Amino acid sequence: MGNDMSGHAMIALVRSVAPDSELTAISPNPAETTSSLGIPALPIRSPSQNASPGVISRMRNKFHDLGNLVKVVSRFDAVIVPGTGLLERVEGRAPGGDQTWMLLLSIACWMRRVPLAWFAVGGSQALPMLQRLTARAAGRVPHYRSFRDHATALSLRGRTRDERIVPDIVFSCSVDTRSSSRETGIIGLAVIDYKPENPQARERYLAALAEAARDIVRSGRRVKFLLGDLADTAPAKTVHDHAAAFSKHELDNADPFGPLPAFVAAAAECDVVIASRYHALVASALAATPVVAVAHADKDVALMEQLGLSDLTLHADTITSEQIIKYLSQCSETRSEIRSRLIERTDAFRTDVLREFARSGIALPQRRILT
């Protein structure tokens, strides 16, 4: 469960302490997951699905899914939910999409008495009541759990409980590429497929980024588009085409979505990155590239606080191009200081994640692990 970056990071973590463990993923698309992660994968859904509309049909499907999960987890010695945003607020889902899957997985592990761990899981502070109750119920089962920020832990604290806060597990990855101390004249731009409740907010977001990109190319610098997810292709093209109309040179297309090292290497080529997607912020930090966050979720704000860059955080629903250019200038002026801070913080994050995972004992006694 989780995204590819978290999946790769968790595989490396497990193998660092238990190299002989047999790892398997659980996924809504096993073939795609096996292709991207390089380990076997099993379906999270039951094959016995009823396509009929209606509440009763959906509830029946969930019971079938629970039965499938009971069978799946019984084959393993431990189940790990890797650090990712599975507890985040997702609009248009009731009672909460990923939170429901987390609850079903918890019930299945409880029924089969299979140890379950949540490691550095992220979420939203402002979960709707039903989603929050679902997530809290799911969170009673894990024998170990930690969160990637205090806001997530606070939102799920139904009872008084000491919670472990662990940096995002992607920070545990070793990277070979970091930005140069010398400037390249390249500004990275990582647009996200932002879908707020108010459609006008999305239009303002894209317009502000497009105008900022225009001003950057007018100043003689180059804009490098960083594609954080395939879903970001269309909005990135919108911003790209607007900026291209004002550039004397052909602009690079958005870099294709790829593994973390490729993303970090692309960010390392930039003097500054302007980013909305969470893992674009993570990749920029790992590359020691100063970053301006155009935050669209609690997790973005929390990460920038952890990096010591709260003063470089804008909000997607209220940004203007003038604010972006102002923060870009501020970032450029203090680039050397920010690079040093990012190197220090990300090195410390990697040490913290590795130490906590080894100390947790999640993978040590197990041979067959589901993630």
Side-chain angles (χ1 to χ4, degrees), residues 171 173-192 208-228 236 239-240 242-256 258 260-295 300 303-304 306-314 319-349:
F171 284 113
C173 299
S174 177
V175 295
D176 299 324
T177 309
R178 277 178 168 161
S179 62
S180 170
S181 58
R182 293 186 299 177
E183 295 188 1
T184 62
I186 301 173
I187 304 299
L189 187 55
V191 184
I192 196 172
L209 288 177
E211 291 170 9
R214 175 202 64 194
D215 292 343
I216 292 169
V217 298
R218 277 179 170 175
S219 70
R221 289 174 290 184
R222 176 179 153 203
V223 174
K224 184 179 184 65
F225 288 85
L226 306 172
L227 195 61
V239 176
H240 172 278
H242 183 88
F246 295 91
S247 177
K248 297 179 181 179
H249 307 286
E250 183 177 351
L251 290 181
D252 294 343
N253 291 321
D255 287 336
L260 178 66
F263 203 108
V264 172
E269 295 178 4
C270 305
D271 294 333
V272 178
V273 170
I274 302 165
S276 292
R277 184 167 287 282
Y278 180 84
H279 277 123
L281 298 174
V282 172
S284 299
L286 285 170
T289 298
V291 59
V292 175
V294 182
D300 305 327
L303 175 59
M304 292 296 280
Q306 292 171 340
L307 292 170
L309 300 179
S310 294
D311 57 339
L312 293 174
T313 304
L314 296 167
I319 61 163
T320 64
S321 60
E322 291 80 10
Q323 288 177 318
I324 297 173
I325 296 301
K326 176 184 176 181
Y327 277 51
L328 176 61
S329 298
Q330 179 181 335
C331 209
S332 299
E333 291 170 1
T334 56
R335 184 171 180 272
S336 177
E337 176 189 334
I338 295 174
R339 282 189 72 255
S340 298
R341 187 186 311 168
L342 288 175
I343 292 172
E344 178 184 348
R345 294 287 174 97
T346 55
D347 284 349
F349 288 172

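Please read all numbers here as calculations on a predicted model, not as lab measurements. Count residues from 1 along the sequence.
Within the 4.5 Å cutoff, the side chain of Ser332 has no heavy atoms near those of the Asp271 side chain. The shortest distance between side-chain heavy atoms of Leu342 and Leu309 falls below 4.5 Å. When side chains are defined from C-beta on, Leu307 counts as touching Phe349, because their heavy atoms get closer than 4.5 Å. Side-chain contact check for Arg341 versus Thr334: every heavy-atom pair is 4.5 Å or farther apart. The shortest distance between side-chain heavy atoms of Ile324 and Val292 does not fall below 4.5 Å.
Although no hydrogens or angles enter the test, the distance criterion places no donor-acceptor pair under 3.5 Å between the side chain of Thr346 and the main chain of Leu286. With hydrogens and angles disregarded, no donor-acceptor distance shorter than 3.5 Å links the side chain of Arg335 to the backbone of Val272. Counting only distance, with no hydrogens or angles, the side chain of Thr289 and the backbone of Ala267 share a donor-acceptor pair below 3.5 Å.
Closest heavy-atom contact between Ser321 and Ala208: CB-O, 3.5 Å. Of all heavy-atom pairs between Phe263 and Ala283, the closest is CD2-CB, 3.2 Å. The heavy-atom pair separating Ser276 from Asp300 by the smallest distance is O-OD2, 3.6 Å. For the pair Ile187 and Cys270, the tightest heavy-atom approach, listed with the atom from each and the gap, is C-SG, 4.3 Å. Shortest non-hydrogen contact noted between Val239 and Phe225 is CG1-CE2, 3.8 Å. What you find for Arg339 and Ser179 is that their closest heavy atoms are NH2-O, 2.6 Å.
Atom CG of residue Leu209 and atom CD of residue Glu211 lie 9.5 Å apart, to the nearest 0.5 angstrom. To the nearest 0.5 Å, the span separating CD1 on Ile216 from CZ on Arg221 amounts to 6.0 Å. Between the CG atom in Asp215 and the CD1 atom in Ile325 there is a gap of 5.0 Å [rounded to 0.5 Å]. Here Ile343 contributes atom CD1 and Ile338 contributes atom CD1; the two are 12.0 Å apart, rounded to the nearest 0.5 Å. Atom CZ of Arg345 and atom OG of Ser340 lie 12.0 Å apart (nearest 0.5 Å).
Legend: residues meeting side chain to side chain contact (heavy atoms under 4.5 Å, CB included) with Glu344, ordered by chain and number and at least two apart, are absent. Every residue meeting the side chain to side chain contact (heavy atoms under 4.5 Å, CB included) condition with Glu269, not counting sequence neighbours, appears here in chain and number order: Lys224.
We find that Lys326 and Glu322 are not joined by a salt bridge, their nearest charged nitrogen and carboxylate oxygen being 4.0 Å or further apart.
A side chain to side chain contact (heavy atoms under 4.5 Å, CB included) with Leu226 is found for exactly one of Val273, Val191, Leu189, namely Val273.
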Worksheet item: Going through the checks in order, is the side chain to side chain contact (heavy atoms under 4.5 Å, CB included) test met by Met304 and Val291?
Response: CA-CA 9 Å; Met304 292 296 280; Val291 59; 4.3 Å; yes

